[in-house]
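Below is one structure; the comments refer to it alone.
Reckoned from all heavy atoms, side chains included, excluding hydrogens, waters and symmetry mates. Here the structure is a predicted model, which means the values were calculated and not measured. Within every chain, numbering begins at 1; the chains are lettered A, B, ... in the order of the sequence lines, protein sequences first and strands thereafter.
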Amino acid sequence: MSSATNVETIALPGAEANAVPRKNVLWAYGIVGMFALISLGTFAYNEYYTYLSVYLWFGFIYGVCLQYGRFCFSSAFRDLFAVGVPRMAVGIMIATVLFALVGAFVTATGLSTFHPAPTSFHAVVAGFIFGVGMVFAGGCASGSLYKAGEGNGVAVIVILSISVTQAIFADVGGWTNRLVPQAWHESALSKGLPEVINVGDGWVDQYLAGYVWNQPVTTYAQIMGWSNESVAGAFLGNLMIGVVIPATALLAIVYVFWSRRGFKNKRVKAGGQARFTFKDELAGYWTMIMASKRTAIAGLVLGIAAGLHMFVIQGLRVKFGVKNAGTLLERMGFDFGISVNGTVFDPGYWYVTTQEAQWVGWVFQKLGSEKMDNIYFGFVNGIPNPAINPADWMSLALIGGAAVMALLHNEFKFKKPTWELATWAIIGGALMGIGSRLGLGCNVGAFFVRVSQGDPSGWLFGLGMIGGAYIGVKFFNWWTERKMAKEFASCDF
Amino acid sequence: MKFEKKAENEYLLDVKGYVCPHPQIYTKKALEKLEPGDVLEVVFDNPSSGESISTMCDITGNEIVGRSQEGAQCNWNIQKA
């Protein structure tokens with residue numbers, strides 16, 4: 001669907017002098033129309049499908065924003081370390097602060113769907129593994145989804161690799177049981193989980209029930225002695241202390257080390273003074289934030305949408321009198337793949353990786369491999385049919401939203417992966433899959449959402465991601481240096 | 001990936017098919033090798049790399065003197081500062 005000569009084109013507002021073929025516009029209408037039909041058709045069949053449609057349309061908005069802003073968490077620190085570009089680090093912090101602001105309102109009204117995760121060093125290790133993986137893969141978990149919407153074959157391989165790795169890793173047993181510390185094993189058995197889960201067998205089960213669940217669960221509001229729902233807790237604790245102050249400080253570091261010199265050089269070149277006042281520094285800081293308008297706008301809309309998503313889902317839970325979509329699915333007659341607790345994965349906010357693991361888990365289960373005897377699938381998330389899995393609706397619509405934007409800006413192109421990129425995609429996807437399961441989420445679920453909602457484990461995961469991105473960049477610097485040396489040899493340097 | 005000398009002071013870097021972070025890393029390394037005033041034509045088809053390359057040039061002072069796009073393929077000429 002990329003443009004070609006002699007193709008009827010349409011000039012769209014904002015399409016930057018790159019005429020859009022008419023068929024691209026028709027495809028974009030087709031995608032939107034298909035999602036609209038799904039929403040209307042399923043609503044006519046059963047009003048409970050509204051719940052899934054809310055996930056769908058928020059997923060669509062996420063896809064539109066991600067593609068418009070080229071919004072990839074992977075590039076935040078990767079591009080800083082690799083090419084000295086702070087664009088995405090800025091965009092992510094804008095989105096995080098906006099999500100936190102909307103989230104604080106939602107939390108203060110008592111309608112938040114968020115639950116903090118256990119906080120300990122495991123989040124740093126998980127983030128590190130995830131960080132290396134996302135540099136190798138060329139995109140984070142959410143970035144791979146939106147790039148798949150641009151027709152990028154490498155991103156599709158990354159998604160497959162994340163999905164399969166998670167489904168296998170969450171259920172891995174056998175010889176890996178010997179790597180489980182005795183204390184984890186005993187602690188896991190003491191939790192009294194249902195027999196069907198067989199918690200004494202499986203590395204991840206014993207890691208979760210024997211270690212992670214024993215770690216403290218808190219928020220910045222609670223650390224300060226406030227409840228999350230109080231105004232002080234939501235706005236001062238979780239928003240100001242948990243997000244605004246650290247995000248401002250992080251951006252100040254980015255400004256000093258990566259942006260200040262360029263800003264100063266430009267000022268001097270334009271006839272300004274080399275000696276900077278505090279006012280000049282503030283001007284430089286603001287210039288860095290506004291350097292990429294697309295990224296900043298995408299961050300702004302993403303942040304607001306992510307907060308509203310929580311609000312709307314919780315509203316529907318109240319309306320339908322449920323706490324989890326598993327109850328709705330059972331009311332609609334779907335009982336396959338519901339967890340032993342009667343639940344399915346239903347975060348109530350933006351999330352990426354668990355639904356990717358679920359559809360592979362569902363396929364494995366259908367093929368005869370038991371996947372419901374572990375905590376991840378059997379006790380918490382279930383493996384419902386992907387066609388009625390709320391979070392899968394969100395991810396598919398995210399790909400669709402990104403495709404619509406790519407089509408309308410003539411940026412859609414089927415790209416066949418080369419062997420080199422496919423190899424990095426498989427390795428990177430696998431590392432992201434393992435990191436996600438160790439950290440109970442990806443760059444969105446374990447970092448973006450948790451940081452925004454005042455959960456300290458989010459920053460720990462982020463710290464690990466930064467370290468992982470640094471190591472990943474070191475590797476690629478070495479790799480590209482080798483390849484460039486061969487090319488340079490043929491020129492007269 | 002292909003890097004070659006097109007003419008005196010003009011070079012070509014073809015990174016079509018590559019995804020992040022390859023196009024921006026190759027562009028940075030190629031520009032580091034060139035002399036001030038040399039022009040590098042970068043050919044890429046990964047939209048997010050364009051955003052990074054553009055910001056990188058803005059920070060380093062290298063100037064994007066020409067941009068064209070056909071479909072998803074971008075041809076940018078960057079003059080080294």
> Is it the backbone or the side chain of A/K147 that comes under 4.5 Å from a heavy atom of chain B, or both, or neither?
Replying inline: side chain

>> How close do B/F3 and A/E487 get, counting heavy atoms only, and between which atoms?
In response: N-OE1, 2.9 Å

>> Can you tell me which of B/L34, B/T55, B/L13, B/T60 forms the most heavy-atom pairs within a distance under 4.5 Å of chain A?
In response: B/T55

> Does any heavy atom of chain B fall under 4.5 Å from the side chain of A/W258, the backbone, both, or neither of them?
Replying inline: backbone

>> Looking at B/K6, I'd like to know if its NZ atom is crowded, meaning that more than 12 non-hydrogen atoms belonging to other residues, nucleotides or ligands lie closer than 6.0 Å.
In response: yes

>> If you count heavy atoms of other groups shown closer than 6.0 angstrom to CZ of A/F257, is the number above 12?
In response: no

> Closest approach of B/P21 and A/G138, non-hydrogen atoms and distance?
Replying inline: CD-CA, 4.5 Å

> Could you state the interatomic distance from CG (B/N46) to CD (A/E411), rounded to the nearest 0.5 Å?
Replying inline: 10.0 Å

> For the residue pair B/S52 and A/V85, what are the closest heavy atoms and their distance?
Replying inline: O-CG2, 3.5 Å

>> Show every salt bridge (Lys or Arg N to Asp or Glu O under 4.0 Å) that has at least one partner inside residues 20-30 of chain B, sequence neighbours left out.
In response: A/E481-B/K29, B/K28-B/E32

> What closest approach, in Å, do A/L421 and B/V19 show between heavy atoms, and which atom pair accounts for it?
Replying inline: CD1-N, 3.9 Å

> Which region of A/K415, side chain (C-beta onward) or backbone (N, CA, C, O), has a non-hydrogen atom less than 4.5 Å from a non-hydrogen atom of chain B, or is it both or neither?
Replying inline: side chain

> Does B/S49 reach the side chain of A/R70, with side-chain heavy atoms less than 4.5 Å apart?
Replying inline: no

> Non-hydrogen atoms of chain A under 4.5 Å away: do they reach the side chain of B/Q24, the backbone, both or neither?
Replying inline: both

> Where does A/N265 contact chain B at under 4.5 Å (heavy atoms): side chain, backbone, both or neither?
Replying inline: neither

> Relative to chain B, which segment of A/V83 carries a heavy atom at a distance below 4.5 Å: side chain, backbone, both, or neither?
Replying inline: both

>> Below 4.5 Å, heavy-atom pairs only: which of A/T418, A/V154, A/N477, A/V135 has the largest tally toward chain B?
In response: A/N477

> In terms of heavy-atom proximity below 4.5 Å to chain B, should A/T480 be classed as side chain, backbone, both, or neither?
Replying inline: both

> Checking heavy atoms, do the side chain of A/K266, its backbone, both or neither come under 4.5 Å from chain B?
Replying inline: side chain

> Who among B/I25, B/T27, B/D45 has the most heavy-atom pairs with chain A under 4.5 Å?
Replying inline: B/D45

>> Which one wins on heavy-atom pair count under 4.5 Å against chain A: B/M56, B/E35, B/K33?
In response: B/K33

> Top residue by heavy-atom pair count (under 4.5 Å) with chain B, among A/G262, A/P417, A/A82, A/A425?
Replying inline: A/A82

>> Only pairs of heavy atoms separated by less than 4.5 Å count here; which of B/H22, B/E4, B/Q73 has the most with chain A?
In response: B/H22

> Quick one: are B/P47 and A/E150 in side-chain contact, heavy atoms under 4.5 Å?
Replying inline: yes

> Which of the residues B/C20, B/A30, B/S48 is involved in the greatest number of heavy-atom pairs with chain A at under 4.5 angstrom?
Replying inline: B/C20

> Hey, is OH on A/Y285 packed in by over 12 heavy atoms from elsewhere, all under 6.0 Å?
Replying inline: yes

>> Determine whether B/M1 and A/K486 satisfy the following criterion, side-chain contact (heavy atoms from CB on, under 4.5 Å), listing intermediate values before the conclusion.
In response: CA-CA 11 Å; B/M1 189 271 295; A/K486 285 182 194 164; over 6 Å; no

> What do the steps show when you test A/M88 against B/E51 for side-chain contact (heavy atoms from CB on, under 4.5 Å), and what is the final call?
Replying inline: CA-CA 10 Å; A/M88 205 58 248; B/E51 204 73 19; over 6 Å; no

> A/Y146 versus chain B, heavy atoms under 4.5 Å apart: side chain, backbone, both or neither?
Replying inline: side chain

